[in-house]
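Below you'll find the structure, written out as C-alpha cells, and then a few comments.
What you see is a predicted model; the values in this text were computed from it and never measured. Lettering follows sequence order; numbering is per chain, from 1.
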Amino acid sequence: MPDADKPTLLVIDGHSLAFRAFYALPVDSFTTRDGQHTNAIHGFLSMLLLLLANENPTHLAVAFDMSRASFRTREYPEYKGTRGETPVEFKGQVPLLQEALQAMGITTLEKEDFEADDILATLAARGRADGYRVLLVSGDRDTIQLVNDDVTLLYPNTQGVSQLKRYDPAAVVERYGIRPEQYPDVAALVGESSDNLIGISKVGEKTAVKWLGLYGDLEGILAHADEIKGVVGQNLRDQRENAERNRRLNRLVTDVELDVQLDSLAAKPIVIDEVRPLFERLEFRTLLERLAKLVDAPAAGAAGAASAEVEAPAVSAPQAPASQALTGDVLAEWLERAVVAEPAGLGLSLDVLEGVVIGAGIATSDESVRLSWRADDEAVAPFARWLASASPKIMTDAKGQLKAIARSGLEVDGLVLDTLVAGWLLRPNLTERSLADLVDVHLGEKLPQADPSLLVPEEGSDAGAPEYAWYTLRLAPVVLRALPESTRTLLADVEMPLVPVLAAMELRGVTVDHGELGALSAELGDRAAALAAAAYAEIGREVNLGSPKQLQEVLFDQLAMPKTRATKTGYTTDASALVDLQESNPHPFLGYLLEHRDATKLRQIVESLDKAIAADGRIHTSYGQIGAATGRMSSNDPNLQNIPTRTEDGRRIRKAFRHGTEYVELLTADYSQIEMRIMAHLSGDPGLIEAFNEGEDLHRFVGARVFGVDPVDVTPLMRTKVKAMSYGLAYGLSAFGLSKQLRIDRAEATQLMKEYFERFGAVRDYLRGVVEQARIDGYTETIFGRRRPFPDLTSPNRVHRENAERAALNSPIQGSAADIMKIAMTTVEAELASRGMASRMLLTVHDELIFEVAEGESETLETVVRDRMASAADLLVPLDVSVGRGRDWEHAAH
DNA sequence: CTTACAACGTA
DNA sequence: CGTACGTTGTAAGC
C-alpha cells in the first residue's frame, strides 16, 4: 500500500513533551489569575495542534509514566536516580493536561511498572504490523531504536517543543552514523547521564560508532573485546557489565499489555464546547481560537500558516529558486519590484574573495538574483545604489561582508537584521555560528553543501550567494518571531547598530611598534633561557618546563613534595599551587619555575602580537559580537583583550601600542566600577547607592560601614579585604574562596561576609532573588532585555547546579555592563561622525574604549566620549568614566 | 593531523 | 569551592 494511503497513528510521550514545554516556556507568562501554572499544558497543547494540522493523524494516543518506579528501577535502583525531585509547579499541571486531552477526545494511556516509552514501543510495533504509518513524539533518545521505514520519530530540539526534528531511518544515519536499531548499543557503551547509566570510560559516540562498524553490534563488540587495543580496550573489558546492564535497561518493551485496540484510538472530531470550559479556566484564549480554526478546516490547514514551526518532511523542504543573472536596467527593474514585494527587507549575501566583494546574491521569498561584481562596472550600478540606500537588507554574519564592502569602495546602509546575531540572542549558549547551523536549527532543513568527497563539485550542488541570501530571508521571520519582545528591542536598538561599528573598528586596527616588540621578545627569551638553566641545575636534569606532566614527576616524585589539588590528568602545577608549595616546602626550583612561566607567557603574547602586525603596521583584531553568552564581545586573531597590565613587563607591551602617524595621541576611557554600580542599581541597596552618590572612594566607604569606623580610619588592609569581597560578590564568591584569595582563615572570611551583608542586605537579597527567579523562569535577563537560559539550575547534579547558580548570579551584572558598553560604542561612533571628527574609536576591552586622537580634537573627543559613555544608561547611580591620554596605551592609562 | 587539557592573560 | 573569554604548548589518539 502506498504510504499516503496508510492510516497514520500518532503517539506522544506526554510526560516527556510536557516537561520540555515546562522548561521552554517562561512560567510567569503562563500563570492564571488564581495562580495555576500552565506553561507545560500550553506548550504541549500548542505542539499538539500543530501536529494535528500538519500530520493529519487518523489515530491518536498520549502515553504517560504512571510513576517513577518501573521494572527498570527494580533491576537497577539507581536508574534515573540523578534526577531531582520533579518541580511541584510541573507536577500540578499533569492532571490538568490529561483532563484537557480527555476533553478533546484523545486517549491517554499509562501502565503500572512501565514507562511511557514502552507504550510507544508497543503501539509502534502493533501499528506497523497492522499497516499503519506511525509517528512517535518523544524527547527520550531511547525511542530512536523504534525508528524504521514505517515508524518516524519527531524529537524536540533543545529549543523547546515547537520545533520537532524528524527522524526517519535516513535521518538517524545522518545524525548518528548508525542505523536506528543500533542506537541502544551506542547508548549502552557511551552511557546516558540523564538516566544515571554509566557507560564505558573514555568511550564516546565516535568510538562506539566505530566499533559498531567493525563488529556489528554490542554482542559482537564484547565478543571481540580482547582485540581492542589501548586504554579504551582495557576499559571495555573491565566495565563490560555496565554496557550489558545499560543494554538490558534501554531496550524498550514492545509487548506491553494494553487494554486498547488500535481501532479505538481513531481520531474523533473535537467538540469545541467540550473543551471550552477547561480552556477558559486555564485562560487559553489563543489556543481555543486555534483549535476552533482546526475544527473548521481540518485537512486544509495541513500546509497552512503553522508549517514554519513544525518541520515539513525532508523530501518536501522548499528548494531555493534558481537564481537569475541580471544587470543594468533589468536589474534596476527587478530591484524596484523586489523591494515592494518584501517590505521587511531583501535577503543579501556577498561573495568575498581576498577581502573584497566579487559578487552578490539578492533574494525575495520566491526569486533570487546573482551578480558578478566589478566595482567599475556600470552594469551593476543599480545594485550599488540599492546597497547604499536605506532600503532594508537582511544578512547572515554581516560584519565580514560589511568590511569587504568598505574595502571595495562601496557603501551600505539599511542593514536591519543579521540572522546570526538574532539567532545568538535567541540561544546565547549555543554554537550555531553559521548560516548552515541556523538553517538546520531554525528551519529544520539542510543548507545544500557540495559533496566533500567530490574533487570537482557538481555544478549547482552547493549553495552560493543567491542561495545564502534566500535562506537568510527565510530565517528572518522565524528567528524574529521566536524572540521575546524585549530581546527584539535589544536586537534592533543595540546589536544591529553595533555591527557596522565593529566592522569599522576592525578595519582601522591599531598601530603597534614592531621594533619595540622584537626587543622585548629577545629580552624575555634570554631571561627564560637563563631561568630554565637555573631550574635544571636545581634538579640535576633537563625537563620540559612547559609540560605539566613532566613537572609533576619532578615535584611529586623527585622532590617528594606534597600532592596539590587534583586535575583530570594528575595534580595541578598552576601558579597558586606552586606558591603554596613554596611556603610549605621551599625549594629554589619552584621560584625559577614560576619566573620562567611569567617570562615565557609574556614572550608568547609578544610574539603572537608581533606576528599579527599587518602590512599597514597595525593590528586588526576581530571582534566576536556573538562571542560570550553574557553579551560581552570577544576579541581574537589576535586577542587584544588580554594584553598584560598587572606587571611592569606586561605594561611594556602596552607601550608598543601607538597612535598612527596622522594622529597625535591615544585616548582611553573606562567605566569605573561598572559592575558594582549595576549591582547597586539592580539591588536598590540604599547603602551602596549612597556610596556611589557620595562620590568618595567606594571601597573606603564600604569598608567604613563594614568595619564600623570612620572612612578616614579605613586601613589599606581593610580596604583590600572589602574590595575583594565586593568584586567577588558578583561572581558568587564563597567564604572558602574569599579566605583563599585573601589568605585569611575561613572564620574571618565568614565573619567578613556576614558583616558585609548586614550593612548591605539588599545586595544579598538581590543576589539570592536572581537565582530563585532564574530557576522559575529558566533564564536571567539584563537591564536591557538580554536573556540567557540556565537549564542546569534544576540539575540534580550538585556541581552542575551550583556552577549554574554562580553563572546566573553574574549574568545580569556582566550582561548589563555589556549592554551599556555596546550602547555607548554606537552612540560615540555616531556622535563622532555627525560632528565630522577625524578622531576614531579603535578598540574595546569590556569596560574600556581606546581612541586615536586627531590634531586639535583632544578636548572635544574627551568631552564627547565622557558624555556619551556616561549617558548610555540611566541608573540609580551615576556612571563614572575616567579618561586618560598619552603617546601609547600605557601612557594613556590613568 | 586532530582533539583535549592545563595553564594563564584580561575584564 | 569566583564569572566571562582566547591562546598556547603538550600529550595522546589517529
State whether [X] places a side-chain N or O below 4.0 Å from either non-bridging phosphate oxygen (OP1 or OP2) of [N].
X	N	value
Arg806(A)	dG2(C)	no
Thr645(A)	dT10(B)	no
Arg646(A)	dG9(B)	no
Thr572(A)	dA6(B)	no
Ser734(A)	dG2(C)	yes
Thr630(A)	dA4(C)	no

Q) For Ser811(A), which contact category applies under a 4.0 Å heavy-atom criterion: base, sugar-phosphate, or nothing? A)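 Contact class for Ser811(A): none.
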Q: For Gln550(A), answer base if it contacts any base atom (sugar-phosphate contacts may also be present), sugar-phosphate if it contacts only those atoms, and nothing otherwise; contact means non-hydrogen atoms under 4.0 Å.
A: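 Counting heavy atoms under 4.0 Å across all strands, the contact made by Gln550(A) is with sugar-phosphate only.
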If I take atom [atom1] in residue [X] and atom [atom2] in nucleotide [N], what distance separates them, rounded to the nearest angstrom?
X	N	atom1	atom2	result
Met676(A)	dA11(B)	CE	C1'	15 Å
Leu551(A)	dA7(B)	CG	P	9 Å
Leu809(A)	dT3(C)	CG	P	10 Å
Lys202(A)	dT3(B)	NZ	C1'	12 Å
Asp598(A)	dA7(B)	CG	P	15 Å
Ile228(A)	dG13(C)	CD1	C1'	15 Å
Gln641(A)	dG9(B)	CD	P	17 Å
Tyr727(A)	dA4(C)	OH	P	19 Å

Candidate nucleotides [options], ranked by approach to the side chain of [X] - the nearest:
X	options	answer
Asp574(A)	dG13(C), dT8(C), dA7(B)	dA7(B)
Lys210(A)	dT10(B), dC14(C), dC5(C)	dC14(C)
Val231(A)	dG13(C), dA7(B), dG2(C)	dG13(C)
Lys549(A)	dC5(C), dA11(C), dT10(B)	dA11(C)
Asn636(A)	dA4(C), dT3(C), dT7(C)	dT7(C)
Ser634(A)	dA7(B), dT7(C), dC5(C)	dC5(C)

Any N/O donor-acceptor pair, [X] side-chain to [N] base, under 3.5 Å:
X	N	result
Gln604(A)	dT8(C)	no
Asn639(A)	dG6(C)	no
Arg597(A)	dA7(B)	no
Lys601(A)	dC8(B)	yes

**Q.** Nearest-nucleotide comparison on DNA chain C, the residue closer to the 5′ end among Arg788(A) and Arg746(A)
**A.**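 That would be Arg746(A).
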Q: Starting from the 5' end of DNA chain C, give me the residue, Ser547(A) or Pro428(A), whose nearest nucleotide shows up first.
A: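 First, find each residue's nearest nucleotide; the 5'-ward one identifies Pro428(A).
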**Q.** Approximate separation, where rounding is to 0.5 Å, of Leu879(A) CG and Phe692(A) CZ
**A.**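 Reported to 0.5 Å precision, the distance equals 10.0 Å.
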Q: Rounded to the nearest 0.5 Å, what's the gap from CG on Asp765(A) to CG on Asp685(A)? Could you check?
A: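 Atom-to-atom, Asp765(A):CG and Asp685(A):CG are 9.0 Å apart.
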(Q) If the threshold is 4.0 Å, N to carboxylate O, is there a salt bridge linking Arg618(A) and Glu852(A)? (A)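 Yes, this pair counts.
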Q) Which heavy-atom pair separates Ala566(A) from Tyr571(A) by the least distance, and what is that distance? A)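 Smallest heavy-atom distance, with atoms named: CA-CD2, 4.1 Å.
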Q. Checking Thr573(A) side chain against Leu551(A) main chain: does a donor-acceptor pair fall under 3.5 Å?
A.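 Not a single qualifying donor-acceptor pair exists.
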Q.
Against Trp889(A), only a single residue in Thr645(A), Ile643(A), Ile653(A), Leu842(A) fulfils side chain to side chain contact (heavy atoms under 4.5 Å, CB included); can you say which?
A.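 One option only clears the test, and that one is Ile643(A).
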Q | Residues forming a side-chain hydrogen bond (donor to acceptor under 3.5 Å, both in side chains) with Asp513(A), sequence neighbours excluded | A |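 Checked Asp513(A) against side-chain hydrogen bond (donor to acceptor under 3.5 Å, both in side chains); matches are Arg658(A).
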